[in-house]
Amino acid sequence: MPELPEVETSRRGIEPHLVGNIIQYAEVRNSRLRWPVSEQIMALSDKPVISVQRRAKYLLLELTEGWIIIHLGMSGSLRILSNELPPGKHDHIDLVMADGKVLRYTDPRRFGAWLWSDNLDECSVLSHLGPEPLSDLFDGEYLYTLSRNKKMRVKPWLMDNKVVVGVGNIYANEALFVAHILPERPVHTLTQQEAHLLASTIKQILCRSIEQGGTTLKDFLQSDGKPGYFAQELFVYGKKGECCPVCGEKIECVKLGQRSTFFCRQCQY
Ligand SMILES: [Zn+2]
């Protein structure tokens, strides 16, 4: 599933090809995604792209009269291609650009979304989102203050979009390992020092993943290429039964909030 670093990598990959360019029209071959593709997108004609932004895992294409909001869902990806390249089975949407290129959306499982908003402040999918993990609003003090009196366990709490956006299962597992915190700990037991370490670890891990993604940006221009996602260096995620890279103990796996949770009982407490 595309996580925040992959979405940011996608944003950086498509941005230089879209900003200042004009969307001539949208070719929607299958509008049945997670929700139906907005009618305003189907009716687009000759609209300049002003900016390409990101909020949580949503890509935001700013046009003169509103915004296209794209979510990649479970399996969505975006590529910039020549408009002469015929679409494949899972290529559901093309934004046909004035310079002969298309922004092509591929999504085999169709859990993604293409929505229209006249005004982002009134957009229901974006309201109620917590701070961006890489912004100054998200830091150890914020996490510590929010954690007081909370009885839930720390890993599902970190994955709650109201606490912080874009920390998916992989990054929650990895950050808790690096910060030496057991995923099952009740949130209110976090010390101030642990909250600071956790916030800075989350930032570091996401930044490193985005930097690694930067090296694959060329893939956005390959007609047969993969969508620019990258093999991540992981410490514990998906490594049940393997040796902890720090102490050599076996990595354990439990379900927490129905999500696979990997940890080392020796290094995390
Ligand atoms: Zn260990």
Side-chain angles (χ1 to χ4, degrees), residues 1-9 56-57 74 130-216 229-269:
M1 185 192 315
E3 298 268 358
L4 186 141
E6 289 89 335
V7 178
E8 178 60 22
T9 299
K57 297 206 294 185
M74 304 289 285
E132 287 286 325
L134 299 177
S135 74
D136 292 340
L137 292 173
F138 179 75
D139 62 10
E141 221 35 58
Y142 165 81
L143 264 192
Y144 183 69
T145 307
L146 205 62
S147 67
R148 297 306 84 192
N149 304 318
K150 294 265 188 341
K151 292 196 179 78
M152 70 187 291
R153 296 173 192 277
V154 68
K155 180 166 167 273
W157 182 67
L158 280 184
M159 292 174 64
D160 181 347
N161 268 335
K162 290 196 268 317
V163 175
V164 57
V165 299
V167 180
N169 197 30
I170 294 173
Y171 296 103
N173 275 296
E174 294 290 296
L176 287 168
F177 174 77
V178 174
H180 308 293
I181 297 167
L182 268 184
E184 306 162 305
R185 284 256 304 272
V187 172
H188 68 85
T189 66
L190 286 178
T191 65
Q192 201 161 14
Q193 200 179 3
E194 285 175 326
H196 279 266
L197 182 59
L198 189 52
S200 63
T201 302
I202 288 169
K203 286 176 193 277
Q204 275 167 19
I205 287 176
L206 292 174
C207 282
R208 197 183 57 205
S209 295
I210 291 167
E211 279 165 24
Q212 287 172 347
T215 63
T216 65
Y229 304 154
F230 41 93
Q232 293 144 336
E233 295 168 29
L234 299 171
F235 295 113
V236 289
Y237 180 82
K239 297 187 187 289
K240 180 185 179 185
E242 292 182 32
C243 293
C244 168
V246 174
C247 75
E249 273 295 305
K250 288 267 185 293
I251 291 167
E252 296 181 39
C253 178
V254 297
K255 290 275 181 196
L256 213 53
Q258 286 148 26
R259 303 301 299 272
S260 297
T261 300
F262 301 88
F263 60 98
C264 170
R265 226 171 257 290
Q266 189 98 312
C267 295
Q268 292 166 263
Y269 25 81

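All heavy atoms count here, side chains included; hydrogens, waters and symmetry mates do not. Position 1 is the first residue of the sequence; numbering continues from there. Indexing begins at 1, ligand by ligand and atom by atom, following the structure's order.
- By the 30° and 60° cut-offs, the orientation of the rings of Tyr237 relative to Phe262 is perpendicular.
- The residues Arg185 and Glu194 are annotated as salt-bridged, a charged nitrogen and a carboxylate oxygen being separated by less than 4.0 angstrom.
- Distance CZ/Arg259 to CG/Asn173: 9.0 Å, rounded to 0.5 Å.
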Could you go through residues 246-257 and list every donor-acceptor pair under 3.5 Å that involves a side-chain atom there, pairing it with any protein atom two or more places apart or in another chain?
unit_1 : atom_1 : unit_2 : atom_2 : d
Glu252 : OE1    : Arg265 : NE     : 3.3
Glu252 : OE1    : Arg265 : NH2    : 3.3
Glu252 : OE2    : Arg265 : NE     : 3.1
Lys255 : NZ     : Ser260 : OG     : 3.3

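- Listed by chain and number, the protein N, O or S atoms at a distance under 2.8 Å from the Zn ion (ligand 1) are Cys244 SG, Cys247 SG, Cys264 SG, Cys267 SG.
- Screening Tyr269, Phe235, Phe263 for a ring-ring contact (aromatic ring centres under 6.0 Å, His included) involving Phe177 leaves a single residue, Phe235.
- Taking a 6.0 Å sphere around CZ of Arg153, one finds it holds 12 or fewer heavy atoms contributed by other residues, nucleotides or ligands.
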